[in-house]
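Report on the following structure.
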Amino acid sequence: MFGPNGPPFIISCRFMIAVLVFFAYTIQYMHKVDLSVGIVCMVNNTWLSSTKPEYNSSYESAQDENCLFDLEKISGEDDGPFEWSADVQGLVLASFFWGYLITEIPGGWLSMRFGSKVVILVGVGISSVATLLMPIGAKGHYAILIVLRIITGLAQGVMWPAMASLWTQWTPPAERSKLIGFGNSGSQAGSVVALPLGGFLCVNGFDGGWGSIFYIFGIAGIVWCVAWFIFSSDSPATNRFINEKEKNFILRETEEIVSSHNEHESLSDTPWKSIFSSKACLSIFVTHFCNNWGTYTFLTNIPTYMKDVLKFDIKSNGLLSAVPYLCFGIVTIISSNLADVVIRKTRINRTILRKITNCLANLVPMGAVIGLAFVSCREPAVGVVMLSIGLAFTGFGYGAGFMVNSNDVAAGYAGIVFGISNTFATIPGIISPYLVGVITKNKLQSEWRIVFFISAAMYFISALSAILFCSGEVEKWAQKTPIQRKTEKSLKNLRSIGVHLDLEQHGISMDNVRSIHKSLVNLQKAGSQPRIKRTITVTLEDPNFE
């Protein structure tokens, strides 16, 4: 396979970077979900059952007696060493997101300050070391495990914005979708690998089974860090493995993108008021937040739900927990490519397309979780199908909906808008797992029904927000670059002191306007009050003018 202008694609440095990014996201999600499957075999379920109040429901008891799988026969084998209540488990599962929330927006700035390569390397490295320490921490006290999970979240929070910065240097426009799409698909691969492998290690691993999950996943992260340090670079210009032809091709194709990205990524002069008063941006924030409520409910609690309600044993649990995420990843890739075809070959505009994909990403999962509310252990296969359908259709939002909508409406400010959106959308990861732990203290289907009804309500709000306010067009405030905004501000300030400049009439550039304003401000600060006449002549001979 060859690139648009000749340089090979498969055997190339840019594809090598995409492969490394793929495994970076795989590692990230392995570290994110390792505890979700590990906690199933870490907790002493016999002790937990003894703490439950007597539950007198002939209906629920009859259901348990008719379960397809008899989990009681193996419950003793699956008992772990930790006597953690359901709300403690929810607290431990939620703690990752406390850290993840904090470093989302700073990740972009850190990438500009230190380079994407270093930020990503440090992020995965810290996450890997923290993961390696988790068995030791858990044996000490669950509070130590919580601290380690927070550190893992802090380390991983920088990755998405840092990757966005990296991609501006490495992706020619004609190859952007396939490079970024392939790299990002590693996130779903991480869940697909971690859940069944974690289930297997729970039963067959060392250090009690559950401990091996964290050791193996942590070591995998360290190995990746070595490969990333050797083969990656911030840009093609500094990569030691790239040939001259490919380097020149990428630098030429990305020159305009890199320039635009560097101009827009500064947090100063960002139109914050316009962003937070934009209906289109608010729609992205609400849609992303509410959809993530359902997604994070699944991400952190699928193994527990399958054990508590569907009564799967730990081996089946891990394997079947991965099926919904496999569907999720496949639909994400398909929908991203399908959306481009629809835009090119039909009369459907981008706004309508985004509304449709966001509705598919929310209304179908809403129906799925309502269905799950009434699935019992007598029909576990139906539960797996419902979970798979729900997460599969969520892929429409990730491939062609709210996850890419910031690029439509915010143009050069898309990174900042996405950072804000992803920060808000991390909050459900903090609240949802803890709330699930509080609600499902007795591990009953009726309790999980409440969890699913809450998720259904969130999906409905998400879809409603998209239907009413979603847009696929660039907002007016986003059409202006930061330089244009600075110039307009300078002109306004100059008019306030009596200077009226017509850029075209006087032949004055935007840089000159800002220099004039800066010079007058400096004179005023020095105590001088320059006299302003109706017509002024500007001579820019001072080398200190910027």
Plane angle bin for Y398 and F328 - parallel if under 30°, tilted between 30 and 60°, otherwise perpendicular: perpendicular

| task | Taking W224 for its side chain and V124 for its backbone only, find out whether a donor-acceptor pair lies under 3.5 Å. | result | no

Fill in: Any side-chain heavy-atom pair of S462 and V286 under 4.5 Å
no

### Residue F23 excluded, over 12 heavy atoms near CZ under 6.0 Å
no

message: Test side chain to side chain contact (heavy atoms under 4.5 Å, CB included) on F217 and L197; report intermediate values, then the result.
response: CA-CA 10 Å; F217 289 8; L197 180 57; 3.6 Å; yes

Quiz prompt | Heavy-atom side-chain proximity of R149 to M134 below 4.5 angstrom | solution = yes

Inset, instruction - Taking atom NZ of K139 as the centre, report whether more than 12 heavy atoms of other residues, nucleotides or ligands fall under 6.0 Å from it. - result: yes

query: Given the rule in the ring pair (Phe, Tyr, Trp, His ring centres under 6.0 Å) test, do F97 and Y296 qualify, once you have shown the distances and angles that lead to the verdict?
result: CA-CA 10 Å; F97 298 97; Y296 281 142; 4.5 Å; yes

Q. Can you check whether Y25 and Y29 have ring centres sitting under 6.0 Å from each other?
A. no

>> Counting only heavy atoms not in F453 (residues, nucleotides, ligands), do more than 12 fall under 6.0 Å from its CZ?
In response: yes

Determine, using ring centers only, whether W448 and F374 are less than 6.0 Å apart.
no

Between N362 and A463 the two heavy atoms that sit nearest each other are CB-CB, 3.8 Å

Report task. Taking N291 for its side chain and A361 for its backbone only, find out whether a donor-acceptor pair lies under 3.5 Å. Result -> yes

Here the pair of heavy atoms bringing T131 nearest to G218 is CG2-N, 3.9 Å

Is the backbone of E83 close enough, under 3.5 Å, to the side chain of N44 for a donor and an acceptor to pair up by distance?
no

Residues W84 and Q89: closest non-hydrogen pair is O-NE2, 3.2 Å

Within the 3.5 Å criterion, strictly below it, is a donor on S127 or T152 matched to an acceptor on the partner's side chain?
no

**Asked** Does the side chain to side chain contact (heavy atoms under 4.5 Å, CB included) test come out yes or no for C359 and I467, once each step is laid out?
**Response** CA-CA 7 Å; C359 283; I467 291 170; 3.4 Å; yes

Quiz item: Between D207 (side chain) and S212 (backbone), is there a donor-acceptor pair under 3.5 Å?
Solution: no

| said: Between S335 and V331 (side chain of the first, backbone of the second, donor and acceptor by atom type, cut-off under 3.5 Å), is there such a pair? | reply: yes

Sub-4.5 Å side-chain heavy-atom contact between Y459 and W293
no

For this session: Taking T26 for its side chain and G186 for its backbone only, find out whether a donor-acceptor pair lies under 3.5 Å.
Result: yes

Next on the checklist: I'd like to know if the side chain of T103 reaches the main chain of P106, judged simply by a donor and an acceptor atom lying under 3.5 Å from each other, with no hydrogens or angles considered.
Outcome noted: no

Worksheet entry | S36 side chain reached by L93 side chain, heavy atoms, under 4.5 Å | yes

Less than 6.0 angstrom from the centroid, inside 45 degrees of the normal: does K355 satisfy that with respect to the ring of F469? no

Donor-acceptor pair, side chain of S421 and main chain of V417, under 3.5 angstrom: no

Donor-acceptor contact present, side-chain N358 to main-chain R354, <3.5 Å | yes

(Q) Within the supplied structure, the quantity of interest is the number of heavy atoms (other residues, nucleotides, ligands) at a distance under 6.0 Å from F22 CZ; does it exceed 12? (A) yes

Beyond-backbone contact of V21 with L166, side-chain heavy atoms, under 4.5 angstrom: yes

- side chain to side chain contact (heavy atoms under 4.5 Å, CB included) between L145 and L35: does it pass, once the steps are laid out? CA-CA 10 Å; L145 180 60; L35 189 60; 4.3 Å; yes

Indicate the ring-plane relationship of F452 and Y305, choosing parallel, tilted or perpendicular according to the 30° and 60° boundaries. perpendicular

Checking side chain to side chain contact (heavy atoms under 4.5 Å, CB included) for the pair C470/N405: CA distance, chi angles, key distance, verdict? CA-CA 9 Å; C470 177; N405 198 198; 3.6 Å; yes

- Where does the angle between the aromatic ring planes of W210 and F214 fall among parallel (under 30°), tilted (30 to 60°) and perpendicular (over 60°)? perpendicular

Q. So, the side chain of Q156 versus the backbone of G123: is there a donor-acceptor pair under 3.5 Å, distance only?
A. no

Requested in this report: Please tell me if the side chains of V226 and I230 come closer than 4.5 Å, counting only heavy atoms from C-beta onward.
Outcome: yes

On the 0 to 90° scale, with breaks at 30° and 60°, tag the F276-W272 ring pair as parallel, tilted or perpendicular.
parallel

